[in-house]
Every structure is written in C-alpha cells, then in structure tokens.
Amino acid sequence: MKISVVGAGYVGLVSAACFAEIGHDVICVDNDSDKIRRLSAGEIPIHEEHLPLLLERHLGQRLNFSSDLGEAVRFCEAIFICVGTPPSPNGEADLSYVEGVAREIAHLLNGPKVIVEKSTVPVGTCEAVSRTLLLSGVSPMDFSVASNPEFLREGTAVSDFLFPDRILLGVPDQRSHSIMTQIYAPILNGSYYLSPDAIKGSTCTSTKLIISSVKSAELIKHASNAFLALKISFINAVSIVCERVGADVRQVSEGLGADSRIGPRFLNPGIGYGGSCFPKDVLAFRSVARSVGYDFNLLTEVIAINETQKSLFIAKIRNALWTLRGKKLAVLGMAFKGGTDDVRDSPALDIILSLRAQGAEVRAFDPAAMKRAAALLPEGTATFTPDAYSACTGADALIVLTEWPEFANLDFARVRKLLRFPIVLDGRNLLNAQAVRDAGLTYFGIGGDIEQPLSPLNQFEDIFDPVHVLYEQAPPQVVNTETQLA
Ligand code: UDX
Ligand code: UDX
C-alpha cells in the first residue's frame, strides 16, 4: 500500500521505517527541512536499535523523505499523523500541531483517504480533525479519520512495532477498517516473519488485533500510559515502605509480579519515570477527566510519588556523602531510560541539576545521550567524560541514574581503585549489589538492604525485550486473535 507519515520524530520515523520493512511504499514528511535533508542522506537523528538497518534497506526505495506535504498527500491511501503533542502549561495536550496538519491536509486532499491519528491525543481529537476537514469544505465521502495509537517504547521501538502485543484500530467505518487491516496484514497473518531478512524478535507472536470505536482507541492509549505510570509509582511507594521496615523491594516486586493478575513488568523501582510520554500523558489524561467533571486524584498522587522519588534519592546521596558542596560525583546515565539518547523529561537531568545547585561537581557519562544532555543543561553543569571509568577517576562516589545494561557489567574492582571513597548509589537497582560489595564498595540501592533477588531477575526485560529473545530455527508461529469490542 502507499502510506504517508507526517512527523519524522521518534514515533513517525520508526513507524515509517517499519511500514517500509513490512512491504509498503512510504513517504515520511517533516516541516524541519534540515532533518529531512539529513534523513534523505541516510543520517539518522536518533539512537534506536535496528533503525540504521531499516534505513539502509529501504531508503530511496520503499522509504523516501520529503518536506512537501502536498506530495505526501497525493501519493498515499492512508496518511498517519505523528507530530508532537507537547503539554500546555495547564497540563492539557497542546494539539496545535495536529490541528495545523489537519488544516493543511484538508486543502491538499485529492481523493478518498484514511487519515490516521497515531500521536497520543486526548479523546475527541479524531472527531475534531474530522470537523476541521468538513469545515474546510472536504466531502465526508473523501476521508475517514481513524485512531491507531502507538505503543512504542524508545530503545525497543522497532521490535515493539514488528512484534506488538496488540494492534489497536479505532475505525469509524468499513473503508478505514479495510485499509487499516491491510496495512497491518503482514504482521497479523505472520507473512512478514517468513521473510529470511525479517528482524528477529519474539519466538511466537500473538498479536491481538483490537477493533474499537475511535474514542475508545484514543482512551485506551491514555489509560494504558497512565496505568503503566501508576504501576511504577506504586512500586516506588512500596520501595519507600520496604526501606523503612527493612524489607527488600526486589524480592517484594518479584513476589508481587508473580501473580498473573499483576504481572512482573513495570515493577522496577527507581528515580521515577520520565521521557516524552508518561509525564505528559498522565497530566493530559487527568485534564481530560477534569474537563468532563471528574477529579482523577489517583493520577495526582502518581505524579507526586514520581517527584518524591527524585528528592528521596538526592537525600540518599547527601546522607551517604554528608555534604555535597565541593564533592566530585561520577554520574552514569542521562537518558530518561536505557537504550535511547532521549533526555526529554529525564529524571537523571533533574537530579544532576539539583546536585550541581547544591555545590557538587558532576562528571557525567552516557553511552548515547551526552550530546542531547549537553544541549539541554546550562553550561558548566557537568563535565562529560569519554567513558564510565573516566567519570569515576578521583570521584567521591559513583551514582547510576539510567538503566543502561553496560553499567551493570562494569569492572567494580577497577571502579574501586578509581574512586576516592568507596560509595556507589544505584538509582535504578541495576547493579548486582553483591558484586559491588565484593569489590569493596558500599552499595546503596532503592528500597531496602538490597540482597540477591529470590531468583535471577531479567532486569533488562523492559529495556531489550523482545529483541534479545532471538528465534534461531523456526519462524514464529502466529496465534493472532481479533477482538471486536462491543
Ligand atoms: C510525538 C508525541 O509527542 C507523542 O505523544 C506521540 O505519541 C507521537 O508523536 P515524538 O515522535 O517523540 O512523539 O515527537 P517528536 O520527536 O517531537 O517528533 C515530532 C516531529 O513532528 C518533529 O520532527 C517535528 O519537526 C514534526 N512536526 C511537528 C511536523 O512535521 N509538523 C508539525 O506541524 C509539527
Ligand atoms: C512509553 C510507553 O511504554 C510506550 O508504550 C509508548 O506509549 C511510549 O511511551 P517510553 O516512554 O519510551 O514508552 O519508555 P518506557 O519503557 O515506558 O519507560 C518510561 C519511563 O519509566 C522511563 O523513565 C523508565 O526508566 C521508567 N520505568 C519503566 C521505571 O522506572 N520502572 C519500570 O519498571 C519501567
């Protein structure tokens, strides 16, 4: 099929590349002409696993970039809107980019198309997009507006796209139902996985196709992100209780998650969630509820717990070091999570800023996010080092703020020799506490006197799953189901 994608950000770029990968012809447009020039030359502006391979395979063939929205609209059967929806000062999602794109599309339409809202938006946005097109004089015969929310975690976005838990289609009519199911057919019928070049992923895909009303789809997306944020805040609150009563949150988390009704994922405590989605989506969902007369106070508490995690960790650093003024701190991690270079709303940056404001000298390293962090932090906030060991040289303590797997594999005997004082503060419970202690270092984690977990935990499940569960012999079996929401 012929698909256009508007917005070449984290979501648009990954979606465009993955649509090409599953066999469609794609034009991806962005109003940032410099970004388009770089992408057309094969330069990828973000750190995302598998994206370089997909561009190498499809650029100039099934995947093309353009600054010309008119060309993209004329070309396609379906047009996906993937522009940013940043928070307004009052917490509501700012939909001006979505509205702007809808207006432009209205003037460019050259025949019946499905317009698909993929950015995370409040319920009612697709209806507003339809209204915009109708007010611009477009015939209702010439368009349908569908909702197809993304569930792409940065760092694993390509495999999340190609091996999804579910594909959610909020479709208003038969035309959009038919086009949307054709677009995702290679994933739903498993034909993509039979290709010898298919990206390797989970051993068995069991993608659920969920067909719902447009409004339900919009709401499922907001509710999903709010629920995941709630799960993280819940375990973070539990970690505080664990610390105060002398229990170990890793064990509690494992025991809790073993109940299939709860599930083990998104129960890793830490310095709080960040990124371009959870903070803004929780605020936006609360605003949606308020706008219809419901005070979703539970979400207010989710946000408050998330903020508290940062201040508690800073207090933990201060307690370990007594005072911060003049202390040299080795900080590992600036991205909001491992596997990405994204520093938007990163709790790591908030903590670095606070440590600096309290007089500490920060020597920081991140495998991918240093350039973006340097662009965002005021000059002089931190010295960036070429690797983790250089950050540790002569530092008074080592602080881990992002769950990059490579930090877990550091040579702690070497770290011990480099540090002035043997102090390690792990804001993500990423390190093997015993290995750190065995190297003669004092370990402070989140949520108690961290001993070995009950059984080996796959700490990286949420960072690198399912890419690292490779299937070597047989292609995955497809056990897909379709659910028609009543
Ligand atoms: C965005 C939303 O913030 C998120 O909620 C949603 O689920 C998906 O889209 P992301 O892809 O991370 O997420 O946004 P961003 O990286 O900011 O990319 C948006 C892109 O759209 C940028 O490249 C920007 O230049 C482009 N854009 C924005 C347009 O092409 N036209 C516009 O009018 C506005
Ligand atoms: C999120 C959604 O998960 C994804 O479906 C899509 O809607 C985009 O937004 P993303 O923000 O890229 O993805 O990353 P995610 O893996 O969800 O992590 C978000 C934040 O929560 C990170 O700061 C991460 O460190 C934190 N986190 C995650 C925890 O603190 N504990 C956990 O157990 C899991």
Side-chain angles (χ1 to χ4, degrees), residues 5-16 28-36 39 45-46 48 66-67 69 72 80-87 93-104 117-122 148-157 160-161 164-166 220-222 224-229 231-236 239 253 257 263-282 284 306 309 333 335-340 342-348 401-404 427-430 446 459 461-465:
V5 174
V6 188
Y10 284 83
V11 171
L13 182 54
V14 168
S15 302
C28 180
V29 281
D30 200 289
N31 61 4
D32 179 342
S33 50
D34 186 50
K35 189 183 263 190
I36 290 300
L39 281 165
I46 55 171
E48 194 62 56
S66 169
S67 303
L69 184 58
F80 285 74
I81 301 180
C82 300
V83 297
T85 51
D94 173 356
L95 297 175
S96 53
Y97 297 130
V98 175
E99 187 190 357
V101 170
R103 275 184 204 283
E104 283 188 69
E117 180 45 69
K118 206 173 203 13
S119 307
T120 306
V121 290
N148 171 222
E150 51 88 12
F151 299 103
L152 309 176
R153 291 166 301 166
E154 288 180 26
T156 54
D160 283 350
F161 189 102
D165 289 345
R166 70 225 203 255
I220 288 169
K221 172 64 203 206
H222 255 169
S224 298
N225 274 4
F227 188 81
L228 290 168
K231 215 173 164 189
I232 296 169
S233 278
F234 183 83
I235 199 66
N236 279 334
S239 80
S253 171
R265 302 173 74 183
F266 278 65
L267 281 179
N268 299 328
I271 52 173
Y273 60 77
S276 70
C277 287
F278 285 177
K280 113 177 136 55
D281 291 347
V282 175
N306 202 51
Q309 279 314 99
F336 81 97
K337 63 178 275 192
T340 178
D342 197 349
V343 293
R344 289 178 290 180
D345 250 316
S346 171
L401 296 181
T402 305
E403 63 275 47
W404 279 101
R428 298 289 192 168
N429 283 0
L430 173 77
I446 303 274
Q459 309 179 38
E461 191 188 21
D462 286 322
I463 313 176
F464 290 113
D465 165 52

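In listed order, ligands and their atoms are each counted from 1. Note that the numbering runs from 1 along the sequence shown for the chain.
- Listed by chain and number, the residues in a salt bridge (Lys or Arg N to Asp or Glu O under 4.0 Å) with R344 are E154, D342 (sequence neighbours excluded).
- Considering backbone and side-chain atoms together, R153 places no N or O closer than 3.5 Å to any N or O of ligand 2.
- Not close to ligand 2: G270, with no non-hydrogen atom less than 4.0 angstrom away.
- In terms of polar-atom proximity, defined here as any N/O pair under 3.5 Å, E154 makes no such contact with ligand 1.
- Remark: ligand 2 and Y273 share no N or O pair separated by less than 3.5 Å (distance only, no angle test).
- By the side chain to side chain donor-acceptor pair (under 3.5 Å) test, E99 pairs with R103, sequence neighbours left out.
- Of the polar atoms of Y10, at least one N or O is found under 3.5 Å from an N or O of ligand 1, judged by distance alone.
- Residue contact annotation: K231 has no non-hydrogen atom under 4.0 Å from ligand 2.
- The closest approach between any non-hydrogen atom of C277 and ligand 2 is below 4.0 Å.
- For atom 29 (C) of ligand 2, the candidate residues are T120, D342, I232; the nearest heavy-atom contact is made by I232.
- Ligand 1 has no nitrogen or oxygen under 3.5 angstrom from a nitrogen or oxygen of D281.
- Looking at ligand 1, you'll find an N or O of K35 within less than 3.5 Å of one of its N or O atoms.
- Between V29 and ligand 1, no pair of N/O atoms sits closer than 3.5 Å.
- In this structure, R265 has no heavy atom closer than 4.0 Å to ligand 2.
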